[in-house]
Amino acid sequence: MSTIRINNFKVELSNLDKVLWPKQGYTKGDLINYYIDIYPLIQDFLAQRPLSLKSYPDGINGKSFFQKNAPDYAPHWLSTYGIYSRHRKEAINWITVNKLADLVWVANRASIELHSWFSTINKPDEPSFAVFDLDPGDRSRFKDVIDIALVIKKIIDEMKLIAFLKTSGKSGLHIYIPIKTGYKFTASKIFLKSIAEMVIRVKPGLATIEWRKKKRDGKVYIDYRQNGRGKTLPVPYSIRPTANATISTPLNWDELNPKLSPEKFTLANIANRLKKKGDLWSDILQIKQSLPSYLL
DNA sequence: CTGTCAT
DNA sequence: ATGACAGTCCGGTCC
DNA sequence: GGACCG
Ligand SMILES: [Mn+2]
Ligand SMILES: [Mn+2]
């Protein structure tokens, strides 16, 4: 056990040498260092947004669990926010990351994945973006996901909206359309569903919005249902529990060519990529777009 | 933070 | 008595 | 209540 001081908050670090990614030999210490380094880039996707962390105390091949509620033994300075849960019939004390010490405490729990709300605690029903989560079914290839993403991009372009792209870190893609506050999740969901239906009209053999897995036929699931209070996706630059420690990596749209493979974006090369390309998502939360009223 | 184990 | 080390643990929505 | 999502 070692104690470090971050802006006067004492954070206890444990098991820093425990290997979490056996193939690469990356340890919990490496995980914590990565999140410290990347904090400036993910800050705005964490601050004031309730967090679901996914923890892998025994590494990526061991048991994992989601955690939302701050445990009693968390340090008093940890940022939390109580929101009444209908499910639990009492408030959940949501963990949030509002400062670096919060993030380091979170990372020390072997929290490989960081998932945050699309909305903030002040306006929990008003998302900052409308999000497509493209999930390939078992009969889809990554090039099908790319195909669908490009159709979505074309529609979004013609609506004169700006959309941001990232890998999920596994086998899918995420498309974020930043919007001005004031729209409820119900509105963004209708907007996204309308576009998804247009895409399916263009690519009926490739994409689906069926909720029942059995009915999806192995196609690419255009998941717009993730747009809701309390629902999450991994934040950009979240590391993932894959053999090579892939990272949910922001991409330029012109990188979507058939040769692209998402498993190439990893902890080993993220620093180099950032040096070359910069942070492609740095502006996203400054962009406040209106949704086309004719779709709502 | 709390509990256990080794010194 | 002191310190190293380990444990860590789901809710919301759609149908 | 169960499926499905992260
Ligand atoms: Mn996905
Ligand atoms: Mn999904």
Side-chain angles (χ1 to χ4, degrees), chain A residues 1-3 9-18 20 28-29 31-32 45 49-59 62-78 80-95 104-119 124-125 127 131-138 166-174 176 184-186 188-190 192-193 196 208-216 220-236 238-241 248:
Chain A
M1 179 79 82
S2 64
T3 304
F9 301 105
K10 264 168 58 183
V11 192
E12 309 282 347
L13 302 179
S14 54
N15 279 326
L16 294 177
D17 296 328
K18 187 178 232 175
L20 300 183
K28 188 146 76 79
L31 174 71
I32 294 169
F45 300 94
R49 298 174 191 275
L51 183 74
S52 282
L53 55 86
K54 201 170 181 196
S55 190
Y56 294 75
D58 298 314
K63 277 206 184 69
S64 63
F65 54 86
F66 280 98
Q67 183 172 11
K68 298 147 194 255
N69 214 359
D72 322 329
Y73 53 78
H76 67 278
W77 48 256
L78 183 74
T80 61
Y81 191 79
I83 298 177
Y84 180 80
S85 156
R86 183 169 253 191
H87 201 261
R88 200 180 267 220
K89 294 194 166 137
E90 59 181 343
I92 290 183
N93 219 8
W94 287 84
I95 299 167
V104 173
W105 182 84
V106 163
N108 182 57
R109 335 200 77 222
S111 304
I112 290 177
E113 297 190 357
L114 306 179
H115 305 238
S116 68
W117 287 24
F118 301 164
S119 56
D125 292 306
V131 176
F132 285 111
D133 168 25
L134 303 182
D135 296 327
D138 49 21
K166 67 181 176 81
T167 64
S168 71
K170 291 197 168 168
S171 51
L173 289 172
H174 295 157
Y176 282 49
K184 301 269 203 267
F185 278 115
T186 45
S188 64
K189 215 177 317 193
I190 286 169
L192 293 159
K193 187 182 183 192
T208 177
I209 54 169
E210 287 289 345
W211 186 71
R212 298 262 162 193
K213 241 177 163 173
K214 301 254 183 207
K215 290 192 170 181
R216 285 187 205 154
V220 177
Y221 177 42
I222 305 176
D223 185 357
Y224 63 87
R225 282 175 252 250
Q226 213 51 34
N227 293 264
R229 179 188 172 131
K231 304 239 185 188
T232 61
L233 282 185
V235 298
S238 176
I239 198 162
R240 307 298 308 265
S248 178

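A note on names: the letters A, B, ... follow the listed sequences, proteins ahead of strands, and every chain is numbered from 1. Everything numeric here is computed off the predicted structure, so don't read it as measured data.
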[atom1] of [X] versus [atom2] of [N]: gap in Å, rounded?
X	N	atom1	atom2	value
A:Asn69	C:dG12	CG	C1'	15 Å
A:Lys54	D:dC5	NZ	C1'	11 Å
A:Lys214	C:dC14	NZ	P	23 Å
A:Trp105	C:dT8	CH2	P	13 Å
A:Arg225	D:dA3	CZ	P	16 Å
A:Trp94	C:dG12	CH2	P	6 Å
A:Trp117	C:dG12	CH2	P	8 Å
A:Arg229	D:dC5	CZ	P	23 Å

C:dT8: pairing nucleotide in any strand, Watson-Crick or G-U under 3.5 angstrom: none
statement: If pairing means Watson-Crick or G-U wobble with both distances under 3.5 Å, then the partner of C:dT13 is D:dA3
- prompt: Any ion pair linking A:Arg225 and A:Asp133 (charged N to carboxylate O, less than 4.0 Å)?
  reply: no
- prompt: Charged N to carboxylate O below 4.0 Å: is that the case for A:Asp125 and A:Arg229?
  reply: yes
statement: Result for 5'-nearest mapping on DNA chain D, choosing between A:Trp211 and A:Asp135, is A:Trp211
- prompt: Quick one: on DNA chain D, does A:Lys68 or A:Arg212 contact a more 5' nucleotide (nearest heavy atom)?
  reply: A:Arg212
Minimum-distance nucleotide (side-chain atoms of [X] versus [options]):
X	options	value
A:Lys213	C:dC10, C:dC14, D:dC4	D:dC4
A:His115	C:dC15, C:dC9, D:dG6	D:dG6
A:Tyr73	C:dC10, D:dC4, C:dG7	C:dG7
A:Lys231	C:dT8, C:dG12, D:dC4	C:dG12

- prompt: Going by 5.5 Å between centroids and 30° between planes, is there a stack of A:Phe66 over C:dG11?
  reply: no
For a quick check of understanding: with a heavy-atom distance under 4.0 Å over all strands, which category does [X] fall into, base, sugar-phosphate or nothing?
X	answer
A:Pro75	nothing
A:Ser52	nothing
A:Arg109	base
A:Arg240	nothing

Spacing of the [atom1] atoms in [M] and [N] (rounded, Å):
N	M	atom1	answer
D:dG6	C:dC9	P	24 Å
B:dG3	C:dC10	C1'	25 Å
C:dG11	D:dG1	P	15 Å
C:dG12	B:dC1	P	28 Å

message: Can you list everything that forms a side-chain contact (heavy atoms from CB on, under 4.5 Å) with A:Lys231? Sequence neighbours excluded, please.
response: A:Gln226
task: Please state whether the rings of A:Trp94 and A:Trp117 are parallel, tilted or perpendicular, taking 30° and 60° as the class boundaries.
output: perpendicular
- prompt: Parallel, tilted or perpendicular: which fits the ring planes of A:Phe185 and A:Phe118, with parallel below 30° and perpendicular above 60°?
  reply: tilted
query: Should the heavy atoms of other residues, nucleotides or ligands under 6.0 Å from NZ of A:Lys170 be counted, would the total exceed 12?
result: yes
- prompt: With nearest nucleotides of DNA chain C determined for A:Gln67 and A:Lys189 from heavy-atom distances, which residue corresponds to the more 5′ nucleotide?
  reply: A:Gln67
